[in-house]
Amino acid sequence: MIRIWGRVNSSNVQKVLWAADEVGAKYERIDAGGAFGVVKEPKYLAMNPNALVPTVEDGDLVLWESNVIVRYFAANYGKGTLWIEDPGRRALAEKWMDWGFTLGGPNGPLFWGYVRTPPDKRDPAALEAHRVKAIEIWGIVERQLQNQPYINGKDFSVGDIGLGVFVHRWHQFPIERGSLPNLAAYYERLKARPAYARHVALPLT
Ligand SMILES: N[C@@H](CCC(=O)N[C@@H](CS)C(=O)NCC(=O)O)C(=O)O
């Protein structure tokens with residue numbers, strides 16, 4: 001049985017839970033991080049010296065770094081679903097997953113600003129700068145989705161898992177999002193996936 005450590009409102013934990021469900025891997029999840037603490041306990045630090053979530057145990061194997069865990073789930077449990085045999089084609093999908101952290105650049109501060117900061121403590125100028133930067137970066141996704149349903153082509157891939165967590169958050173912020181119709185349609189497509197609906201498309205906390 002796989003054990004996934006991490007609170008469900010963490011984007012990096014959500015990626016791992018989403019990937020596990022996409023490949024049909026069975027797991028138990030243990031709350032850790034944020035208000036749950038746990039991550040600074042010696043037993044946890046022995047698994048993950050970063051004191052961050054997620055951490056995954058699969059038998060004797062202990063992993064951290066969400067994208068590495070998604071890759072591992074794809075490789076070990078995702079034959080016929082997330083795993084792509086051809087190394088070049090696989091790298092193209094993984095490229096988009098890792099690029100998700102570029103999206104995280106402006107989306108992280110927007111999330112903290114609008115979700116975890118009371119209105120009177122927000123920095124409107126900084127939030128506006130992040131909004132403008134985010135729209136610029138989302139433009140790359142918008143163009144990539146011009147003629148294809150998923151970020152790496154016609155098939156759902158780990159690339160979509162890297163981006164999908166930010167797609168949901170972006171559509172919840174109380175901001176002007178500009179005109180990104182391909183992105184909006186992509187969000188609807190992702191929401192139709194049960195694992196995304198279960199782990200990602202949730203109220204922001
Ligand atoms: N690069 C790491 C980042 C992990 C990370 O920053 N996790 C955050 C939550 S998204 C965390 O553990 N924050 C502290 C906490 O929850 O206690 C990954 O992708 O797994």
Side-chain angles (χ1 to χ4, degrees), residues 2-23 25 27-58 61-78 82 90-91 93-118 121 127 130 133-134 137 141 151-152 157-173 190 195-205:
I2 297 167
R3 191 174 292 155
I4 298 175
W5 296 79
R7 55 188 168 83
V8 293
N9 61 351
S10 148
S11 59
N12 291 308
V13 173
Q14 289 177 351
K15 284 192 281 183
V16 165
L17 294 170
W18 179 11
D21 280 7
E22 289 285 352
V23 300
Y27 58 85
E28 64 171 332
R29 190 189 60 77
I30 301 165
D31 277 322
F36 296 100
V38 177
V39 294
K40 297 209 169 115
E41 292 172 8
K43 183 174 153 246
Y44 189 89
L45 288 171
M47 294 191 294
N48 184 343
N50 304 290
L52 295 173
V53 291
T55 298
V56 160
E57 293 177 86
D58 190 2
L61 179 69
V62 178
L63 288 174
W64 38 267
E65 283 301 324
S66 55
N67 288 3
V68 168
I69 296 165
V70 171
R71 280 188 183 87
Y72 169 69
F73 283 171
N76 206 33
Y77 301 104
L82 277 183
R90 186 166 70 242
E94 292 181 346
K95 170 193 72 181
W96 285 109
M97 175 166 68
D98 290 353
W99 184 79
F101 287 121
T102 299
L103 273 175
N107 276 275
L110 287 171
F111 176 79
W112 275 91
Y114 285 115
V115 179
R116 299 205 175 140
T117 306
K121 297 268 180 343
L127 287 171
H130 290 307
K133 183 67 188 168
I137 299 175
V141 177
I151 199 66
N152 191 44
S157 74
V158 296
D160 301 297
I161 293 181
L163 307 193
V165 287
F166 298 114
V167 174
H168 172 63
R169 291 180 170 200
W170 173 248
H171 285 91
Q172 309 311 302
F173 301 144
L190 292 177
Y196 186 81
R198 194 176 309 124
H199 297 298
V200 184
L202 303 170
L204 302 186
T205 59

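Throughout, numbering of the chain's residues begins at 1 and tracks the sequence. Values reported hereafter were calculated over all heavy atoms of this structure, with side chains retained and with hydrogens, waters and symmetry mates removed. Order of listing sets the numbers, starting from 1, for every ligand and every atom in it.
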Does a side-chain heavy-atom distance below 4.5 Å link Tyr114 with Leu127?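 Result yes, sub-4.5 Å side-chain heavy-atom pair found.
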Starting from [atom], locate the nearest protein heavy atom and write down its residue, its atom name and how far away it is, to 0.1 Å.
{"atom": "atom 1 (N) of ligand 1", "result": "Glu65 OE1, 2.8 Å"}
{"atom": "atom 4 (C) of ligand 1", "result": "Val53 O, 3.3 Å"}
{"atom": "atom 14 (C) of ligand 1", "result": "Leu52 CD2, 3.8 Å"}
{"atom": "atom 20 (O) of ligand 1", "result": "Ser66 N, 2.9 Å"}
{"atom": "atom 15 (C) of ligand 1", "result": "Gly34 N, 3.3 Å"}
{"atom": "atom 3 (C) of ligand 1", "result": "Asn12 ND2, 3.6 Å"}

Once rounded to the nearest 0.5 Å, what's the spacing between atom OG1 of Thr55 and atom CD1 of Ile4?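 The CD1 atom of Ile4 is 11.0 Å from OG1 of Thr55, to the nearest 0.5 Å.
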Heavy-atom contacts with Ser10 under 4.0 Å: which atoms of ligand 1 show up? List them by number with element.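 Listed by number with element: 9 (C), 10 (S).
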Just jot down the ligand 1 atoms closer than 4.0 angstrom to any heavy atom of Pro54, in number order.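 Those atoms are 20 (O).
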Is there a salt bridge (Lys or Arg N to Asp or Glu O under 4.0 Å) between Lys15 and Asp160 once you walk through the steps? CA-CA 10 Å; Lys15 284 192 281 183; Asp160 301 297; over 6 Å; no
Ligand 1 contact by Arg7, heavy-atom criterion under 4.0 angstrom: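 Per 4.0 Å heavy-atom rule, Arg7 contacts ligand 1.
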If you measure from each heavy atom of Phe101 to ligand 1, is any distance below 4.0 Å?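 Yes.
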State whether the side chain of His171 and the backbone N or O of Val167 hold a donor-acceptor pair below 3.5 Å, judged by distance alone.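 Yes; at least one donor-acceptor contact below 3.5 Å.
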